[in-house]
Amino acid sequence: MSNARRGFFISFEGGDGAGKSSQITRLAEHLRAQGETVTLTREPGGSAGAEAIRKLLVEGAADRWGAMSEALLMYAARADHLDRVIKPALARGEIVISDRFADSTMAYQGIAGGLGDDAAARLSDLVVGAHQPDITLILDVPPKVGLARAGGRGDAENRFESKGEDYQEKVRQAFLKIASENATRCVVIDASADIEKVFSCVRRAVEMAIRAAR
Ligand code: TYD
């Protein structure tokens with residue numbers, strides 16, 4: 001794979017504690033070993049302004065924001081992140097890997113949070129437009145397993161975990177619905193399997209998609 005090729009945009013999605021971060025780290029190492037330049041980023045956040053907005057979203061009481069305010073804050077952060085980090089990296093021909101992207105707003109605020117999928121889709125059209133990921137890996141795990149993993153982190157950023165297991169189950173079903181409606185872009189991976197097995201599915205899916213795109 002040479003650097004003259006076009007950029008390639010990968011997003012990872014899934015419920016809390018699905019193991020995205022270890023898969024993302026491995027994938028970045030793997031792609032860099034093949035000579036790719038990789039920009040690793042995350043949402044909410046990924047740019048200075050978006051990281052400032054992130055603090056408003058992931059800390060504090062579960063009912064701090066309603067679904068609409070939450071979605072607009074997510075999209076304020078995403079607009080900045082896209083303009084300042086994602087689009088420039090893709091224009092340089094890099095591979096961008098984002099820990100979460102617009103499907104999270106559709107799942108967490110649009111479907112599970114009650115905002116409605118139509119409103120979430122309109123925000124996505126407005127802000128993301130044609131800049132959807134080339135491939136989205138949805139790491140699927142039962143909420144009980146995910147929350148046990150996420151709870152082990154013991155950090156202050158637990159506002160979404162604190163919304164409870166019913167909410168997380170709705171999020172899980174929402175991601176499966178998004179995957180079935182966007183079958184050419186999304187790949188669902190069983191993330192309750194061990195790390196090696198999950199990674200071999202991730203690697204295979206990404207390599208196929210890159211080969212097809214470049
Ligand atoms: P993240 O840092 O990815 O947490 P985790 O490691 O638990 O996946 O994201 C923080 C939380 O923000 C996560 O619980 C999901 C939520 N979120 C939304 O509700 N909507 C969004 O659009 C995004 C990007 C994240």
Side-chain angles (χ1 to χ4, degrees), residues 9-25 40-47 49-82 85-86 96-117 119-128 131-133 136-175 178 189 191 198:
F9 184 15
I10 303 168
S11 64
F12 277 77
E13 300 281 5
D16 295 86
K20 288 180 284 101
S21 48
S22 40
Q23 294 300 326
I24 288 170
T25 307
L40 271 187
T41 190
R42 69 163 180 185
E43 288 203 347
S47 63
E51 288 291 331
I53 296 170
R54 175 185 174 92
K55 283 187 76 64
L56 299 172
L57 283 159
V58 299
E59 296 179 7
D63 63 357
R64 180 177 184 182
W65 305 109
M68 177 59 93
S69 308
E70 215 166 78
L72 291 171
L73 285 167
M74 292 292 177
Y75 266 99
R78 183 161 301 131
D80 193 67
H81 183 212
L82 261 172
V85 175
I86 296 177
V96 174
I97 307 177
S98 187
D99 185 341
R100 298 193 181 282
F101 193 64
D103 295 319
S104 277
T105 313
M106 175 59 80
Y108 281 82
Q109 285 72 46
I111 301 174
L115 176 68
D117 42 9
R122 283 158 71 186
L123 288 170
S124 172
D125 284 348
L126 187 67
V127 175
V128 179
H131 299 278
Q132 283 288 347
T136 297
L137 298 138
I138 296 177
L139 302 190
D140 181 52
V141 78
K144 254 193 194 4
V145 178
L147 287 174
R149 286 180 186 166
R153 287 192 303 227
D155 54 28
E157 296 193 335
N158 59 5
R159 186 172 158 258
F160 283 91
E161 285 91 331
S162 75
K163 293 191 183 203
E165 206 177 310
D166 284 355
Y167 181 70
Q168 293 293 335
E169 184 55 38
K170 284 189 197 158
V171 167
R172 182 189 191 191
Q173 295 309 324
F175 277 125
I178 291 165
I189 291 172
V198 176

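Counting convention: from 1, in listed order, for ligands and their atoms alike. Everything numeric here is computed off the predicted structure, so don't read it as measured data.
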Test salt bridge (Lys or Arg N to Asp or Glu O under 4.0 Å) applied to R149 and E161, step by step: CA-CA 11 Å; R149 286 180 186 166; E161 285 91 331; over 6 Å; no
Option with minimal heavy-atom separation from atom 13 (C) of ligand 1, where the choices are L123, D16, L73: D16
Shortest non-hydrogen contact between R172 and V141, atoms and distance: NE-O, 3.6 Å
Under 4.0 Å to a heavy atom of R54 - the qualifying atoms of ligand 1, by number: 2 (O)
Residue from I86, I97, T136 passing side chain to side chain contact (heavy atoms under 4.5 Å, CB included) with F9: I86
E157 heavy atom under 4.0 Å from ligand 1: no
Per-atom contacts of ligand 1 with P44, taking only distances under 4.0 Å to non-hydrogen atoms: 9 (O), 12 (O), 23 (C), 24 (C), 25 (C)
Contact check, R159 vs ligand 1, heavy-atom distance below 4.0 Å: no
Per-atom contacts, ligand 1 versus R78 - under 4.0 Å to a heavy atom: 22 (O), 24 (C)
Atom indices of ligand 1, in the order listed, that fall short of 4.0 Å to a heavy atom of M74: 17 (N), 18 (C), 19 (O), 20 (N), 21 (C), 22 (O), 23 (C), 25 (C)
Ligand 1 N/O within reach of R42 N/O, cut-off under 3.5 Å: no
Sub-3.5 Å N/O-N/O distance, T105 and ligand 1: yes
Polar contact flag, side-chain donor to acceptor under 3.5 angstrom, S104-E43: no
Contact check, E70 vs ligand 1, heavy-atom distance below 4.0 Å: no
Pair E169 + K144: basic N to acidic O under 4.0 Å: no
Sub-4.0 Å heavy-atom contact, A150 with ligand 1: no
N or O pair under 3.5 Å between Q109 and ligand 1: yes
Numbered atoms and elements of ligand 1 in range of E161, under 4.0 angstrom, heavy atoms: 7 (O)
N158: partners by side-chain hydrogen bond (donor to acceptor under 3.5 Å, both in side chains), with sequence neighbours left out: none
F12-F101 aromatic ring centre distance below 6.0 Å: no
Enumerated ligand 1 atoms positioned under 4.0 Å from heavy atoms of V58: 10 (C)
R100, K163, Q168: member with heavy atom nearest to atom 9 (O) of ligand 1: R100
Positive for side chain to side chain contact (heavy atoms under 4.5 Å, CB included) with F175, one of L139, I138, D140: I138
Show the atom names and distances, to 0.1 Å, of all donor-acceptor pairs under 3.5 Å that link a side chain in residues 60-67 to residues at least two apart or in another chain.
{"from": "R64", "atom 1": "NH1", "to": "L56", "atom 2": "O", "distance (Å)": "3.2"}
{"from": "R64", "atom 1": "NH1", "to": "E59", "atom 2": "O", "distance (Å)": "2.9"}
{"from": "W65", "atom 1": "NE1", "to": "L56", "atom 2": "O", "distance (Å)": "2.8"}

Non-hydrogen atom of K20 closer than 4.0 Å to ligand 1: yes
Distance-minimising heavy-atom pair for P44 and L57: CB-CD1, 4.0 Å
